[in-house]
**Student:** 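I'd like to ask you about the structure that follows.
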2 protein chains.
Amino acid sequence: MRKTIAKEAILKTINESDTALSQAEIQAILPDGLCNRVTIYRVLDRLVEEKSVHQITNIDGVVKYANCHSCSTEHKHDHIHFNCEKCNVVTCVEDVEPTFKLPSNYQINQLNFMVSGVCPDCLDS
Amino acid sequence: MRKTIAKEAILKTINESDTALSQAEIQAILPDGLCNRVTIYRVLDRLVEEKSVHQITNIDGVVKYANCHSCSTEHKHDHIHFNCEKCNVVTCVEDVEPTFKLPSNYQINQLNFMVSGVCPDCLDS
DNA sequence: AATTTAATGCAACAAAGTTGCTTTAACAAA
DNA sequence: TTTGTTAAAGCAACTTTGTTGCATTAAATT
Ligand SMILES: [Mn+2]
Ligand SMILES: [Mn+2]
Ligand SMILES: [Zn+2]
Ligand SMILES: [Zn+2]
């Protein structure tokens with residue numbers, strides 16, 4: 001994957017954010033005119049394929065992207081994600097990995113665990 | 001909520017299915033011309049509000065609807081859902097409820113736990 | 001049977017994402 | 001440094017999916 005202005009800016013946006021971002025949110029953050037909206041879609045696809053970012057599907061169906069925090073050895077993204085219904089923010093709860101026991105005759109490729117409610121910040125205010 | 005032909009047919013379709021169904025899938029199952037596609041959207045919204053069916057957001061963002069199986073006392077839907085990448089079917093794995101420990105300063109309203117991979121049926125074939 | 005109003009049908013609209021194709025620019029080789 | 005190759009970007013058109021407004025229909029209550 002070539003090191004283009006759009007790719008660098010989008011990856012930087014995701015990595016500097018402490019919440020998961022959608023295409024629309026990334027577009028809003030990027031300097032106006034930095035790149036076409038189609039380019040954002042295409043760069044995001046490539047970043048996911050390249051395993052440079054994680055993909056989360058929010059409880060409302062909107063796809064969000066988050067930085068790979070501790071994926072140096074292995075690309076892993078099995079923690080819980082929290083969707084705040086007040087501030088509409090999705091965060092990686094990196095230290096909370098759920099446990100569950102599916103029968104062994106299921107082949108597991110991917111997890112998407114969403115918890116929705118009200119975040120600590122919105123609760124005390 | 002009034003007992004209409006569309007509502008009865010849609011609820012029956014969901015209840016008779018052993019997999020979760022999307023609006024598009026329900027529309028394909030219903031007899032042609034039974035009701036307008038907009039009606040399906042509106043009936044589904046009401047069935048969810050009325051707590052007659054459960055709502056699941058698949059890993060691809062598509063919303064699916066499943067019957068309330070053991071919700072006579074309480075409307076609860078915290079088990080895992082499995083998305084098969086081969087047969088493209090979403091099933092409720094009713095007996096597998098994940099455990100996780102979020103800090104108490106999170107207010108939890110709703111869960112959406114998806115596991116994606118290959119289902120037992122598709123594995124041995 | 002008459003009344004009320006929830007529910008439906010239909011058309012138009014809106015949001016979100018995709019595709020085809022031309023042009024641009026990253027980057028490697030000469 | 002120039003040249004060639006092709007991935008990536010821009011742009012317009014399109015598709016898909018879901019929503020809204022409003023007139024009409026039909027459930028349910030009296
Ligand atoms: Mn995450
Ligand atoms: Mn279920
Ligand atoms: Zn919040
Ligand atoms: Zn399958």
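Labels below follow one simple rule: chain letters A, B, ... track the order of the sequence lines, proteins then strands, and each chain is numbered from 1. The shown structure was predicted, so the numbers you read here are calculated from the model rather than taken from an experiment.
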**Student:** Could you grab the distance from atom CG of N112(A) to atom NE2 of H81(B), nearest 0.5 Å is fine?
**Tutor:** 13.0 Å
**Student:** Compute the angle between the rotation axes at the two ends of the helix from dA1(C)-dT30(D) to dA30(C)-dT1(D), each taken over five pairs, rounded to 10 degrees.
**Tutor:** 40°
**Student:** A6(A) near the nucleic acid: base, sugar-phosphate alone, or nothing, with a heavy-atom cut-off under 4.0 Å?
**Tutor:** sugar-phosphate
**Student:** What is the ring orientation for H54(A) with H77(A), classed by angle as parallel under 30°, tilted 30 to 60°, or perpendicular over 60°?
**Tutor:** parallel
**Student:** Does R2(B) make a side-chain N or O approach to OP1 or OP2 of dT25(D) shorter than 4.0 Å?
**Tutor:** no
**Student:** Let's see if you get this right: which residues in residues 34-44 of chain A place a heavy atom under 4.0 Å from DNA chain C?
**Tutor:** R37(A), V38(A), Y41(A), R42(A)
**Student:** Would you mind telling me which of Q55(B), E25(B), Q23(B) makes a side chain to side chain donor-acceptor pair (under 3.5 Å) with K64(B)?
**Tutor:** E25(B)
**Student:** Using atom CD of Q23(A) as one end and atom P of dG17(C) as the other, report the distance to the nearest whole Å.
**Tutor:** 6 Å
**Student:** Quick one: list whatever passes ring pair (Phe, Tyr, Trp, His ring centres under 6.0 Å) with F82(B), sequence neighbours left out.
**Tutor:** Y106(A)
**Student:** With rounding to the nearest 0.5 angstrom, report the SG to CG distance, C119(A) to N88(A).
**Tutor:** 10.5 Å
**Student:** Quick one: is T4(B) getting a side-chain N or O under 4.0 Å of the dA26(D) phosphate, OP1 or OP2?
**Tutor:** no
**Student:** For residues I14(B) and L21(B), report the shortest heavy-atom separation together with the two atoms involved.
**Tutor:** CA-CD1, 4.5 Å
**Student:** Could you state the CD-P distance from Q55(A) to dG17(C), rounded to the nearest angstrom?
**Tutor:** 11 Å
**Student:** Could you give the distance from CD1 (I10(B)) to CG (L44(B)), rounded to the nearest 0.5 Å?
**Tutor:** 5.5 Å
**Student:** May I have the distance from Q27(B) (atom CD) to dG18(D) (atom C1'), rounded to whole angstrom?
**Tutor:** 12 Å
**Student:** For the residue pair E85(B) and N83(B), confirm or rule out a side-chain donor-acceptor distance under 3.5 Å.
**Tutor:** no
